Amino acid sequence: MRKPLIAGNWKLNKGGKDALELSRRIKEGIGDILNVDVLICPPFTALAEVHEVTRDSPVKLGAQDCFYEMNGAYTGEISPLFLLDVGCEYVILGHSERRKYFAETGDIIGMKLRAAIGVGLYTILCVGEKSEERESGGAYDVVKTQLGGSLSDIPDDYIRKITIAYEPVWAIGTGKTCDPDVANEMHQFIREWTGKRFGYKIAEEMRILYGGSIKPENISSLIEKEHIDGGLVGGASLKAESFLEIIRTASEKNKLTTDKHG
Ligand code: PEP
């Protein structure tokens, strides 16, 4: 059974003191929930201080991006090594906002994956189609191209450090959630693709998250689907109460599934 992961992507929000306050409340609020992995991804500038809050707690720390070089003349960039230094275990790569506003291509994302995993980070690779691509029936082709574009040249054993997040672009920050059955079908397709490329055993173990307007009210219907192993949460991760409610629901569902299967 795959342990659910609920990850909060704070984007360009909660720098400084607000980050400390939110991370403290999340840490206190998760109490003894251990059957769900919880990850928060604050902005770069808050990582070191937030690590002081989350260290020695079950809350894991991640960044929202990194560069593919370790050091050098790359003004403004952040090395994967620097993320390790400030206590990160995870990094999100290939988010649709990076693809859209920073022209990230599959190649670039692949280079970032190799660099991040090479130093020991876990990665969350985001894929997902735009609304016109879904409407024209091209969603599967888009996701397949994104997977191939970033994962084709990844060393086989690196897949253990990759979680894939299916995030239909039209559902991100819009309040429109993907129908859970439609999302589950795409997750199954991603698992099948990964199985063909990296082997079916590891694909079966790999977590695939859904992302796109997850809220306390819809997490239950998503996470109960066979291939949905958690969520990448944007807006609803910015308030401790809504993020904690999502985590509690995932924990509750996980218990039910465990009980059902003995
Ligand atoms: C995201 O940024 O990855 C995301 C899914 O955002 P939201 O939950 O706000 O749609």
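We count residues from 1, following the sequence as given. Since we're looking at a predicted model, the values are computed, not measured. All ligand and atom numbering here is 1-based and tracks the order in the structure.
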Enquirer: Are any non-hydrogen side-chain atoms of Ile190 and Met186 less than 4.5 angstrom apart?
Expert: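 Of all side-chain heavy-atom pairs linking Met186 with Ile190, at least one is under 4.5 Å.
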Enquirer: A cation-pi test, strictly: NZ or CZ of Lys161 under 6.0 Å from the centre of the six-membered ring of Tyr122 and no more than 45 degrees from its axis. Yes or no?
Expert: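 Verdict for Tyr122: a cation-pi partner in Lys161.
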Enquirer: Any idea which protein heavy atom is nearest atom 8 (O) of ligand 1, and the distance to it?
Expert: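 Of every protein heavy atom, Gly234 N, 2.8 Å lies nearest to atom 8 (O) of ligand 1.
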Enquirer: What protein heavy atom is closest to atom 3 (O) of ligand 1, reported as residue, atom name and distance in Å?
Expert: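 Sorting protein heavy atoms by distance from atom 3 (O) of ligand 1 puts Glu167 OE2, 2.6 Å first.
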Enquirer: Regarding Lys3 and Asp229, does a basic nitrogen lie under 4.0 Å from an acidic carboxylate oxygen?
Expert: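 No.
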Enquirer: How far is atom 1 (C) of ligand 1 from its nearest protein heavy atom, and which residue and atom name does that atom have?
Expert: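 Atom 1 (C) of ligand 1 sits closest to the protein heavy atom His95 NE2, 3.3 Å.
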Enquirer: Any atoms of ligand 1 less than 4.0 Å from a non-hydrogen atom of Gly211? List them with their elements.
Expert: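 Under 4.0 Å from Gly211, ligand 1 has these atoms: 5 (C).
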Enquirer: For ligand 1, does Ala171 get within less than 4.0 Å through its side chain, its backbone, both, or neither, judged by non-hydrogen atoms?
Expert: backbone
Enquirer: Tell me the protein heavy atom at minimum distance from atom 9 (O) of ligand 1, and give that distance in Å.
Expert: Gly235 N, 2.8 Å
Enquirer: With heavy-atom distances below 4.5 Å as the criterion, would you say the side chains of Lys176 and Ser213 are in contact?
Expert: no
Enquirer: Hey, what do you get for CE (Met70) to CG (Leu81), rounding to the nearest 0.5 Å?
Expert: 5.0 Å
Enquirer: Under a 4.0 angstrom heavy-atom cut-off, which atoms of ligand 1 come close to Gly173?
Expert: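 With Gly173 as reference, the close atoms of ligand 1 come out as 7 (P), 9 (O), 10 (O).
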Enquirer: So which heavy atom on Pro180 is nearest to which on Leu222, and how close?
Expert: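 Answer, listing the atom of Pro180 first, then Leu222: CA-CD2, 4.0 Å.
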Enquirer: So do Ile30 and Ile247 actually touch side chain to side chain, heavy atoms under 4.5 Å?
Expert: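 They are in contact (side-chain heavy atoms under 4.5 Å apart), so the answer is yes.
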Enquirer: How does Ile172 reach ligand 1, by side chain, by backbone, by both or by neither, if only non-hydrogen atoms under 4.0 Å count?
Expert: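 Contact part for Ile172 vs ligand 1: both backbone and side chain.
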Enquirer: Do any N or O atoms from the side chain of Glu52 and from the backbone of Glu49 form a donor-acceptor pair under 3.5 angstrom?
Expert: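 Answer holds: no.
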Enquirer: For ligand 1, find out whether one of its N or O atoms is nearer than 3.5 Å to an N or O atom of Lys11.
Expert: yes
Enquirer: Can you sort out which atoms of ligand 1 are near Gly212, meaning under 4.0 Å from one of its heavy atoms?
Expert: 5 (C), 10 (O)
Enquirer: Can Ser213 be said to touch ligand 1, with heavy atoms closer than 4.0 Å?
Expert: yes
